Amino acid sequence: MYRTKTCGELRIEHVGQVATLCGWVDSYRDHKGVVFIDLRDRYGITQVVFQADTPTDMQTIARGLRSEDVIQVTGEVLARGAGLENPKLVTGQIEVRGRELTLLNKSKTPPFEPRTQDLPNEELRMQYRYLDLRRPVVQQAIILRHKLAKATRDYFDRHSFLEIETPILGRSTPEGARDYLVPSRVHEGSFYALPQSPQLYKQILMVAGYDRYFQIARCFRDEDLRADRQPEFTQIDVEMAFVKQDDILSTIDGLMAHLLKELRGEELPLPLPRLTHREVMEKYGSDKPDLRFGMELICLMEIAENCGFTVFKNTIANGNRVRGIVAPGAAEKYSRKQIDELTEFVKQYGAQGLAFFRVKEEGLDSPIAKFFSAEDQQKLIAKLGARAGDLIFCVADTAKVSSAALGALRNRLAKELALYDPKEMKIAWVVDFPMFQWDEDEQRWVAEHHPFCQPHEEDIDILETDPGKVRAQSYDLVCNGYEAASGSVRIHDPAVQQRIFSMMGIQPEEAELRFGFLLEALRYGAPPHAGVALGLDRWSMMFSGTDNIRDVIAFPKNQKASDLLTGAPAPVDAKQLRDLRIKVDVPVK
RNA sequence: GGGGCCGUAGCUCAAUUGGUUAGAGCACCGGACUGUCGAUCCGGAGGUUACGGGUUCGAGCCCCGCCGGCCUCGCCA
């Protein structure tokens, strides 16, 4: 062993002992006669001191130490004198008086130091990710992620779940995200697909009798990245047999309570709230609402349809929506210029414009206030529950666009106005998602969740006649505006499965060709089953209080899906391509 | 594929809005200093203003292109 103690554990009670520490030089202070080294490892920082009576050769080494050099130090643990303690360090009551010093490895001058307060840009952090990972806040996030995974395994183990691994090299199936493909050398011209999720395998495990399965599974989706999306990510994947929707929900309720308890020491009241998809779309304009604050969307149809403002009136006449939100106390906080920025913001979501009203004691102040009678203005204020000093925003558009625009505006305003405690976690279920969504481009119905999802029993009759109204037995767990888990009751009746495929324009022959192995499995005594998958990365984000998924992944990809540390992806040797019978045909720009 | 923001010393930023020789803090190098803890003090070195064009008497600043980074719409069952 190179060390007897870590840099985070020495305390006043260790005074008098001799300890050997190893770590990185976090900072050095050379006072000629006395040299201080702040030594860092992942457990903390301990001050090492070399005094005037230190042998000369060791003083020379100590003086030459620079940031991120790796050293081993042996010395006596001393209490720091009165007034010399450092309250910023948990080890600040003591220091180690260096008696032996070994430079284990010299560091190049780092492009940035782990202790820096001014974070360099992400490009540099990712390129030197090993230096970035030395930063205590990053280490805390990585440690928290470990604890999250550990607590998850403990919980499922305690409830008789089996952790079962499923293949990474699988088969490409239609629907869903773009696959990452892996060419087969043995089968020329054929490809494996990396799993978008272990969906099919876990259903087959249910058929196979492993009635409580979970896995912390890596998933891959070749789609564009976001602050909360990586092309490879980790799911806490769960499936249970002989259960209904409620059983899954209460199982995950229990998991969440366990995690809150283990990771934050908080009690989570159960059951978690269950909101319908219809309800959250109406109130929050989003299927993953941030429930830490109110600011609900209010329907203004009654006022809009008879008001003097043609834009509102026509929107209602065309069967569309006029809805508004109230930003409390924001009337004087947003200048005209800032409101123009908000208008640009909602245009991203397809809105044509953004109506706004400053609420005054005497009525509404707005460029369009003149189109509203005094009576209509009072009705508007009353309907929205607005008060003097508030700022009202309205969007008149289709249900879809007004939801998207106002839902996004609601989140932005709440953040800017600090309407919630960023540390709080507000968790709820959203249930009864629509079974299908009409795809304009493909001119067909596509599954909102996935094609193996069981419709509500009472909606099965209208499957073919009114598919847009069919509700699925599917559910998402939402937290602070993120989709943090998603699942459904699965179809175990091959006849119902066939009808769903046919609704989506997938012919029986094609279904057999693509999903035949699953359909066949379902014919051999498939138990009723249901499942869910939680986003481990996103939960790690929320527990760490960050809004960037890269903060909780040791080696993340950048926005263009590259790994700036290793340079992946990269071209390969011609020989590798020949072995795989692959010809690359990249158009010249 | 579209929209937005950004790119100046190793790093974080500034440069009186188009005007002389592009500055500061940290880091680095040299020196001073026996109790610091963002050590301090003195000195030094360090720049193709991402890159390529253009406008102009004059461009870090304006215009076009391009590369890179981030955010976002589409996309993500």
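Only a predicted model underlies this, so the values are computations on that prediction, with no experimental measurement involved. Each chain gets a letter, A, B and so on, in the order the sequences are listed, and its residues count up from 1. Values below: every heavy atom of this structure, side chains too, minus hydrogens, waters and symmetry copies.
On the P atoms, C57(B) is 46 Å away from C42(B), given to the nearest whole Å. Look at the P atom in both A59(B) and G52(B): the space between them is 15 Å, to the nearest Å. Taking the C1' atom of each, G23(B) and C61(B) are spaced 16 Å apart, rounded to whole Å. Nucleotides G7(B) and C13(B) place their C1' atoms 13 Å apart, quoted to the nearest Å. Distance noted for atom P between U40(B) and G54(B): 48 Å (whole Å). As rounded to the nearest Å, A22(B) and G46(B) have C1' atoms that lie 14 Å from one another. Taking the C1' atom of each, U55(B) and U8(B) are spaced 22 Å apart, rounded to whole Å. For the P atom pair drawn from G31(B) and A14(B), the interatomic distance equals 35 Å after rounding to whole Å.
In the interface, the side chain of Gln117(A) is not paired with the base of U12(B) through any donor and acceptor atom under 3.5 Å apart.
Looking at heavy atoms from C-beta onward, Ile216(A) lies in side-chain contact with Leu536(A) at the 4.5 angstrom threshold. Using a 4.5 Å heavy-atom cutoff, the side chains of Pro455(A) and Leu463(A) are in contact. The shortest distance between side-chain heavy atoms of Asp179(A) and Gln196(A) falls below 4.5 Å. Using a 4.5 Å heavy-atom threshold, the side chains of Cys219(A) and Ser197(A) count as touching. Proximity of Met240(A) to Ile248(A): side-chain heavy atoms (C-beta onward) are separated by under 4.5 Å at one or more points.
In the model, Arg323(A) has a side-chain atom that pairs as donor or acceptor with a side-chain atom of Ser402(A) under 3.5 Å.
Of the nucleotides present, none pairs with C75(B) by Watson-Crick or G-U wobble criteria with both distances under 3.5 Å. When both distances must be under 3.5 Å, the Watson-Crick or G-U wobble mate of G47(B) does not exist. Pairing partner, C67(B): G7(B), with both Watson-Crick or wobble hydrogen-bond distances short of 3.5 Å. Pair assignment for A15(B): none, as no Watson-Crick or G-U wobble contacts are both less than 3.5 Å.
Looking at residues two or more places apart in sequence or on another chain, you find a side chain to side chain contact (heavy atoms under 4.5 Å, CB included) between Lys5(A) and Glu9(A), Leu10(A), His14(A), Gln17(A), Ala19(A), Leu21(A). Residues that satisfy the ring pair (Phe, Tyr, Trp, His ring centres under 6.0 Å) test with Tyr128(A), not counting sequence neighbours, are absent from this structure. With sequence neighbours excluded, the residues satisfying side chain to side chain contact (heavy atoms under 4.5 Å, CB included) with Arg178(A) are Asp222(A), Glu223(A).
In this structure, the side chain of Thr60(A) engages the main chain of Thr56(A) through a donor-acceptor pair within 3.5 Å. Looking only at distances, a side-chain donor or acceptor of Asn121(A) sits under 3.5 Å from a matching main-chain atom of Leu124(A).
In this structure, Tyr180(A) places its OH atom 15 Å from P of C76(B), rounding to the nearest Å. Asp439(A) places its CG atom 13 Å from the C1' atom of C76(B), with the value rounded to the nearest Å. Atom CG in Asp26(A) sits about 14 Å away from atom C1' in U36(B), given to the nearest Å. The CZ atom of Phe345(A) sits 21 Å away from the P atom of G2(B) (whole-angstrom rounding). Look at CZ on Arg135(A): it is 12 Å from P on U12(B), rounded to the nearest Å. Counting to the nearest Å, the C1' atom of C67(B) and the CG atom of Leu564(A) are 14 Å from each other. When the P atom of A9(B) is taken as reference, atom CZ of Phe112(A) falls 17 Å away, rounded to whole Å. The distance between atom CD1 of Ile549(A) and atom P of C70(B), rounded to the nearest whole Å, is 14 Å.
Of the listed nucleotides (G10(B), C73(B), U36(B)), C73(B) has the atom at the smallest distance from the side chain of Tyr349(A). Closest to the side chain of Arg29(A), from the set G10(B), C70(B), U36(B), is U36(B).
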Taking N or O atoms only and anything under 3.5 Å, show me the protein contacts with nucleotides 25-28 of chain B, one pair per line.
unit_1, atom_1, unit_2, atom_2, d
C28(B), OP1, Tyr28(A), OH, 3.0
C28(B), OP2, Tyr28(A), OH, 3.0

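The shortest distance between the side-chain N/O atoms of Arg178(A) and the OP1/OP2 oxygens of G74(B) is not below 4.0 Å. Residue Ser27(A) places none of its side-chain N or O atoms closer than 4.0 Å to OP1 or OP2 of C37(B). The side chain of Lys560(A) places an N or O atom within less than 4.0 Å of a non-bridging phosphate oxygen (OP1 or OP2) of G69(B).
Contacts between residues 194-204 of chain A and RNA chain B, defined by a heavy-atom separation below 4.0 Å, involve Ser197(A), Gln199(A), listed by number. Heavy-atom distances under 4.0 Å link RNA chain B to Leu119(A), Pro120(A), Asn121(A), Glu122(A), Glu123(A), Leu124(A) of residues 119-134 of chain A, given in residue order. Residues of residues 221-236 of chain A having a heavy atom closer than 4.0 Å to RNA chain B, listed by number: Arg221(A), Glu223(A), Asp224(A), Arg226(A), Ala227(A), Arg229(A). Within residues 79-99 of chain A, the residues approaching RNA chain B are Arg80(A), Leu84(A), Glu85(A), Asn86(A), Lys88(A), Glu95(A), by heavy-atom distance under 4.0 Å.
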Show me the donor-acceptor pairs within less than 3.5 Å that the side chains of residues 407-416 of chain A make with the rest of the protein, sequence neighbours left out.
unit_1, atom_1, unit_2, atom_2, d
Arg410(A), NE, Gly294(A), O, 3.0
Arg410(A), NE, Met295(A), O, 3.2
Arg410(A), NH1, Asp290(A), O, 3.3
Arg410(A), NH2, Asp290(A), O, 2.9
Arg410(A), NH2, Phe293(A), O, 2.8
Arg410(A), NH2, Gly294(A), O, 2.9
Arg412(A), NE, Glu416(A), OE2, 2.8
Arg412(A), NH2, Glu416(A), OE2, 3.4
Glu416(A), OE1, Tyr334(A), OH, 2.5

Show me, pair by pair, the donor-acceptor contacts under 3.5 angstrom made by side chains of residues 500-519 of chain A, not counting sequence neighbours?
unit_1, atom_1, unit_2, atom_2, d
Glu512(A), OE2, Arg523(A), NH2, 2.6

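Base contact: Phe36(A) has a heavy atom under 4.0 Å from a base atom. Using a 4.0 Å heavy-atom criterion, one finds that Ala52(A) contacts the bases of the nucleic acid, with or without backbone contacts as well. Here Pro111(A) lies in heavy-atom contact (under 4.0 Å) with sugar-phosphate atoms only.
Nucleotide U72(B) is shown with an anti base, its glycosidic torsion being more than 90° from 0.
Among pairs with a residue in residues 478-498 of chain A, those fulfilling salt bridge (Lys or Arg N to Asp or Glu O under 4.0 Å) read Glu239(A)-Arg490(A), at least two apart in sequence or across chains. Within the structure, salt bridge (Lys or Arg N to Asp or Glu O under 4.0 Å) pairs that include any residue of residues 44-61 of chain A comprise Asp53(A)-Arg97(A) (at least two apart or interchain).
Using bins of under 30°, 30° to 60° and over 60° for the plane-to-plane angle, the ring pair Phe452(A)/His450(A) lands in the tilted bin.
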